[in-house]
Structure formats: C-alpha cells, structure tokens
Amino acid sequence: VLDPGVLHPGEVTGPNRDLHSGVYGGAVANPVTILAKMIAGCHDENNHITIPGFYDDVVESTDAERQLMALAPYDEAEFKADLGVKELWGEKGYSTNERTGIRPTLELNGIWGGYQGEGAKTVLPSKATAKISARLVPNQNSAKMTEKLLAYFRKIAPASVSVNAF
C-alpha cells in the first residue's frame, strides 16, 4: 500500500515585510526565487531525488520483478497521446511502468507568495510557500520524509532567508 505522502516543508521567509522591488530588488533576497531554486535542487539531471536519505528505506525490486513488470500491457505512444505530451519525464534507468508503480516520487503541487491580486504591484515578497507531495513506497514514512525535506531545505537555504515549519 502506498502512502500518499503529503509533505509539509514549511515556508521560506526573507524580509520582515513585503518590499517594493524597485527600491529593494537586487539588495534583498526574494523568498519566491530562493524557494524555487531550492525546489529545483530536489532532483538531479537524471531526475533522481537529491534529498539525503530519501531512498534509505526503499526496497529495490529484483531484476526478476522488473522483468515481470515489463510484461504488463503498455503502449507508450497511446499513453503520451492520451496525455497530450510529446515526451515522458522521470527517473533515469526505470521504465514508465516502474516510475509510476514501484518508485517513490517528489512532486511540487503548488507554490505561492507575493502579490496575487489583479493589476501590477511590484512587490518583493516577505514569504514564499510550497505544497509538495511524494509517492512513497512500502517502508517509507511521510513524517520521516517531511523531516528529511525540511532538514535539506534548512541546509541549502542561504543565510538571507529562513525556513520555518508550519
């Protein structure tokens, strides 16, 4: 049974209030930019999750199990056409069936911060928040993964911001 693994990494906070970007831009870190970079750093060039310890409890499938999975009916062209995409994306070294069935994932579900209203308002936001989820496989635990993600974000955050749990 897969754990839905909704992770709650917290919030990245910079200045003590929203600032006018024309006055403070280039001098004060933008928490939305910092958070976006931190999230982007959660996957390497092979789409492998970079959070230290993320895979520690993952039981790797044997070659025989992977060969059995490869026998399952699957039409990649049909799959892509149904989704309206030209290419698939995922962890290198695993088939699409494996990536969607036996491999854990880390997904950004939403990111927000700064001015959200209508019209222009050039604001350097005080805070940025993201909703991140993971498909966890047997032996992984969402509370443990949340702690690993939060520790990772705190480790890689520049001194110009803080990472706070919510």
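Since the structure is predicted, the reported quantities are computational estimates derived from the model, not experimental observations.
- Taken together through direct or relayed side-chain contacts under 4.5 Å among Ile, Leu, Val, Met, Phe, Trp and Tyr, V123 and V12 form parts of separate hydrophobic clusters.
- The minimum heavy-atom distance between Q140 and P104, with the atom names listed, is OE1-CB, 3.3 Å.
- Under a hydrophobic-cluster definition in which Ile, Leu, Val, Met, Phe, Trp and Tyr are linked whenever side-chain heavy atoms come within less than 4.5 Å, directly or via other members, L83 and Y74 are assigned to the same cluster.
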Decide side-chain contact (heavy atoms from CB on, under 4.5 Å) for L150 and V163; before the verdict, give the C-alpha distance in whole Å, the side-chain angles of both, and the deciding distance to 0.1 Å. CA-CA 8 Å; L150 188 56; V163 176; 3.6 Å; yes
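- The two residues F153 and L35 have their closest heavy-atom pair at CE2-CD1, 4.0 Å.
- When hydrophobic clusters are built by joining Ile, Leu, Val, Met, Phe, Trp and Tyr residues whose side-chain heavy atoms come closer than 4.5 Å, directly or via intermediates, W89 is not grouped with V85.
- Hydrophobic clustering, with ILVMFWY side chains joined whenever heavy atoms are under 4.5 angstrom apart, groups I132 together with V58.
- Under the 4.5 angstrom side-chain criterion for Ile, Leu, Val, Met, Phe, Trp and Tyr, V32 has no cluster partners at all.
- Taking all atoms of both residues into account, the shortest heavy-atom contact from D75 to E78 is OD1-N, 3.0 Å.
- Counting only distance, with no hydrogens or angles, the side chain of N109 and the backbone of S133 share a donor-acceptor pair below 3.5 Å.
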Verdict with reasoning, D57 to N141, per side-chain contact (heavy atoms from CB on, under 4.5 Å): CA-CA 9 Å; D57 298 328; N141 172 284; over 6 Å; no
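- Pairs passing the side-chain hydrogen bond (donor to acceptor under 3.5 Å, both in side chains) check and including a residue from residues 148-159, sequence neighbours excluded, read T50-Y152.
- T122 places no side-chain N or O within donor-acceptor distance of the main-chain N or O of H20, the cut-off being under 3.5 Å.
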Begin from the C-alpha positions of V137 and V59 and carry the test side-chain contact (heavy atoms from CB on, under 4.5 Å) through to its verdict. CA-CA 8 Å; V137 296; V59 177; over 6 Å; no
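- A distance of 9.5 Å separates CD1 of I156 from CD1 of I39, quoted to the nearest 0.5 Å.
- Of all the heavy atoms in E60 and E65, the pair that sits closest is O-OE1, 4.5 Å.
- Under a 3.5 Å cut-off, the side chain of R99 and the backbone N or O of Y94 do form a donor-acceptor pair.
- Residue E98 comes nearest to G93 through the heavy atom pair OE1-O, 4.3 Å, listed as atom of the first residue, atom of the second, then distance.
- The structure places OG1 of T129 at 9.5 Å from CG of N164, a figure rounded to the nearest 0.5 Å.
- Once rounded to the nearest 0.5 Å, the distance linking CZ of R103 with CG of N97 reads 14.5 Å.
- The backbone N or O of E118 lies less than 3.5 Å from a partner atom in the side chain of Y115, making a donor-acceptor pair.
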Step by step, work out the side-chain contact (heavy atoms from CB on, under 4.5 Å) result for I49 and H43. CA-CA 5 Å; I49 298 163; H43 293 88; 3.9 Å; yes
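- Linking ILVMFWY residues whenever their side-chain heavy atoms come closer than 4.5 Å, directly or via other members, places I51 and I34 in the same cluster.
- A side-chain donor-acceptor contact under 3.5 Å links D18 to the backbone of S126.
- Between L124 and G25, the shortest heavy-atom contact is CD1-CA, 3.9 Å.
- Atom CG of residue L88 and atom OG of residue S95 lie 11.0 Å apart, to the nearest 0.5 angstrom.
- Within the 4.5 Å cutoff, the side chain of C42 has heavy atoms near those of the L149 side chain.
- Rounded to the nearest 0.5 angstrom, E45 CD and K92 NZ are separated by 8.5 Å.
- Cluster partners of L71 are L68, counting Ile, Leu, Val, Met, Phe, Trp and Tyr whose side-chain heavy atoms approach within less than 4.5 Å, directly or via other members.
- With rounding to the nearest 0.5 angstrom, the CG atom of N16 is 10.0 Å from the NZ atom of K127.
- Within 6.0 Å of NZ on K37 lie no more than 12 heavy atoms contributed by other residues, nucleotides or ligands.
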